[in-house]
Amino acid sequence: MFVVPERMIADLMTPDEAFGAVEAVFASMADGTARNFPVVREALGGGRQYGFKSGIDAAALGVKAGGYFPGNADRGLINHQSTVFLFDPDTGVLQAAVGGNLLTALRTAAASAISIDRLARADARVLGMVGAGHQAAFQLRAAARVRDFDRVIAWNLHPDMLPRLAAVAEELGLPFEAVPLERMVEADVIVTITSAPAFSLASAHVSPGTHLACMGTDTVGKQEVEPALLARARVFTDEVAQSVLLGEAQHAVAQGLVRAEDITPIGAVITGAARGRVADDEITLFDGTGVGLQDIAVAARVVHLARARDMATEVEL
Ligand code: NAD
């Protein structure tokens, strides 16, 4: 088996590679050649969370194991820890172990960028960011690759976290302004990436024609936007089953505002089986829940790149 440790991922995986790998696997999910297995997620006590996301496509079978360990920061480790294991889909033999921390951020940012690329108006100029934690910087960088934004406006519950996001915007040459939520009406694209248990962004904060990538809600009980906003929008997702169960749509579905059959897999837009944006004034909303196949796709790509550059360590099991 091959080992690609966390410290090597930054030298191997680019946002471009992540975008390509995730877009291809979303298309495979839509045409039925790839499928995700049900997510396992368990509370371990003391705020610790642990779980598995797994799936299979024609070339790879794998699982991402990991979770959230709030005591890590005191030990000099990051709180989110994950590793991706890849198996031969025909024999089940373990093929690779790959550090999954940076890959998670890159594959999540790639999913939101794919949604912006496919669903935002071509003339989108103002990017709105709701959230300013670890993932937000990756989200901002990925969004800036797919549209020609001329400024960034941002809101975060904890304003002290915003300067770090401002520095990313500056690095990208984009003017940055911290704004109250009411000013999100100026945005053409809004990315939400928080761990909020109740919504901050209300339907009244969003203008017609906006595309939203709601990326923070990946668990039952989290929520970023008002359910009424989903009722106003055409809703897209990575996987409908996860969207209604643990994604942003869980609340609108529970309130009877949106039905599972109204939600379109983004993969179907990529393959051409479903329509993306059909009017300049419609609101499109991507519910990015995070699927195991995204992790497997980027990990398989990293192993390929590491082997091509002789950077993967081979070990006997
Ligand atoms: P983080 O801890 O670094 O940042 C958390 C963010 O949420 C900060 O901006 C914080 O101010 C904000 N926040 C916290 N409590 C809030 C509240 N009550 N109301 C509004 N905002 C609040 O976390 P992160 O690593 O940036 O992850 C953000 C979210 O994205 C998490 O929920 C995480 O589970 C999720 N996530 C989703 C995917 C996916 O594939 N969809 C992948 C990775 C992470």
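Note that ligands are numbered from 1 as they come in the structure, with each ligand's atoms numbered from 1 the same way. Please read these numbers as outputs of a predicted model, since none were measured by experiment.
- When the options Arg151, Arg125, Arg121, Arg147 are evaluated for a salt bridge (charged side-chain N to carboxylate O under 4.0 Å, His left out) with Asp188, the one that passes is Arg121.
- Interface of Ser200 with ligand 1, defined as ligand atoms under 4.0 Å from a residue heavy atom, comprises 20 (C).
- Of the candidates Gln139, Gln135, Gln223, it is Gln135 that places a heavy atom closest to atom 43 (C) of ligand 1.
- Put simply, the side chain of Ile266 reaches to within 4.5 Å of the side chain of Phe286, judged on heavy atoms.
- Of the protein's heavy atoms, none falls inside 4.0 Å of atom 2 (O) of ligand 1.
- Looking at Asp218, Asp238, Thr237 one by one, the single match for side-chain hydrogen bond (donor to acceptor under 3.5 Å, both in side chains) with Thr289 turns out to be Asp238.
- Between Trp155 and Met184 the shortest side-chain heavy-atom distance falls below 4.5 Å.
- Counting heavy atoms of neighbouring residues, nucleotides and ligands inside a 6.0 Å radius, atom CD of Glu42 does not exceed 12 of them.
- Short contacts between ligand 1 and Gly288, defined as distances under 4.0 Å to a heavy atom of the residue, involve ligand atoms 41 (N).
- Looking at Arg234, its side chain does come within 3.5 Å of a backbone N or O of Gly276 through a donor-acceptor pair.
- Contacts between Asn79 and ligand 1, counted as non-hydrogen atom pairs separated by less than 4.0 Å, are absent for every part of the residue.
- At under 3.5 Å, a nitrogen or oxygen of Asn156, whether backbone or side chain, sits near a nitrogen or oxygen of ligand 1.
- Contact of the Tyr50 side chain with the Val40 side chain is not registered, since no non-hydrogen atoms from C-beta on lie closer than 4.5 Å.
- Closest protein heavy atom to atom 17 (C) of ligand 1: Leu157 CD2, 3.3 Å.
- For atom 23 (O) of ligand 1, the closest heavy atom belonging to the protein is His134 N, 4.4 Å.
- Annotation for ligand 1: atoms under 4.0 Å from non-hydrogen atoms of Gly133 are 3 (O), 4 (O), 8 (C), 9 (O), 26 (O).
- Between Ser195, Pro70, Ala111, it is Ser195 that holds the heavy atom closest to atom 13 (N) of ligand 1.
- The shortest distance between side-chain heavy atoms of Gln95 and Val303 does not fall below 4.5 Å.
- Per-residue contacts place Gly131 under 4.0 angstrom from the following atoms of ligand 1 (heavy atoms of the residue considered): 9 (O).
- Not a single N or O atom of Thr104, backbone or side chain, sits closer than 3.5 Å to an N or O atom of ligand 1.
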Review point. What's the verdict on side-chain hydrogen bond (donor to acceptor under 3.5 Å, both in side chains) for Thr14 and Asp16, showing C-alpha distance, side-chain angles and the deciding distance?
Key: CA-CA 5 Å; Thr14 62; Asp16 237 8; 5.4 Å; no

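- Looking at heavy atoms from C-beta onward, Thr194 lies out of side-chain contact with Ser200 at the 4.5 angstrom threshold.
- When only interatomic distances are considered, the shortest N/O to N/O separation between Ala196 and ligand 1 does not fall below 3.5 Å.
- Against a heavy-atom cut-off of under 4.0 Å, Arg107 is close to the following atoms of ligand 1: 39 (C), 40 (O), 42 (C).
- Checking Val130, Asp238, Asp218 against atom 34 (O) of ligand 1, the nearest heavy atom belongs to Asp218.
- Counting only heavy atoms from C-beta outward, the side chains of Asn72 and Ile78 never approach each other to under 4.5 Å.
- Contact annotation: for Gln294 versus ligand 1, there are no heavy atoms closer than 4.0 Å.
- Residue Lys222 has at least one heavy-atom neighbour below 4.0 Å for each of these atoms of ligand 1: 31 (C), 32 (O), 33 (C), 34 (O).
- In this comparison of Thr289, Val291, Asp295, Thr108, the heavy atom closest to atom 42 (C) of ligand 1 sits on Thr108.
- Residues Gln139 and Thr108 meet the side-chain proximity criterion, which asks for heavy atoms closer than 4.5 Å.
- Nearest protein heavy-atom neighbour of atom 18 (N) of ligand 1: Pro197 CD, 3.3 Å.
- At least one N or O atom of His158, backbone or side chain, sits closer than 3.5 Å to an N or O atom of ligand 1.
- Among the atoms of Ile193, none of the N or O lies under 3.5 angstrom from an N or O of ligand 1.
- Taking only nitrogen or oxygen atoms, main chain and side chain alike, Met215 reaches within less than 3.5 Å of ligand 1.
- Within the set Asp160, Thr194, Leu201, the minimum heavy-atom distance to atom 12 (C) of ligand 1 is found for Thr194.
- Glu248 contributes a side-chain N or O that, together with a main-chain N or O of Glu224, makes up a donor-acceptor pair within less than 3.5 Å.
- Taking every non-hydrogen atom of Ala132 and a distance limit under 4.0 Å, the qualifying atoms of ligand 1 come out as 9 (O).
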Review point. Under the side-chain hydrogen bond (donor to acceptor under 3.5 Å, both in side chains) criterion, do Thr104 and Lys64 qualify, and how do the steps go?
Key: CA-CA 10 Å; Thr104 297; Lys64 178 168 83 169; 2.9 Å; yes

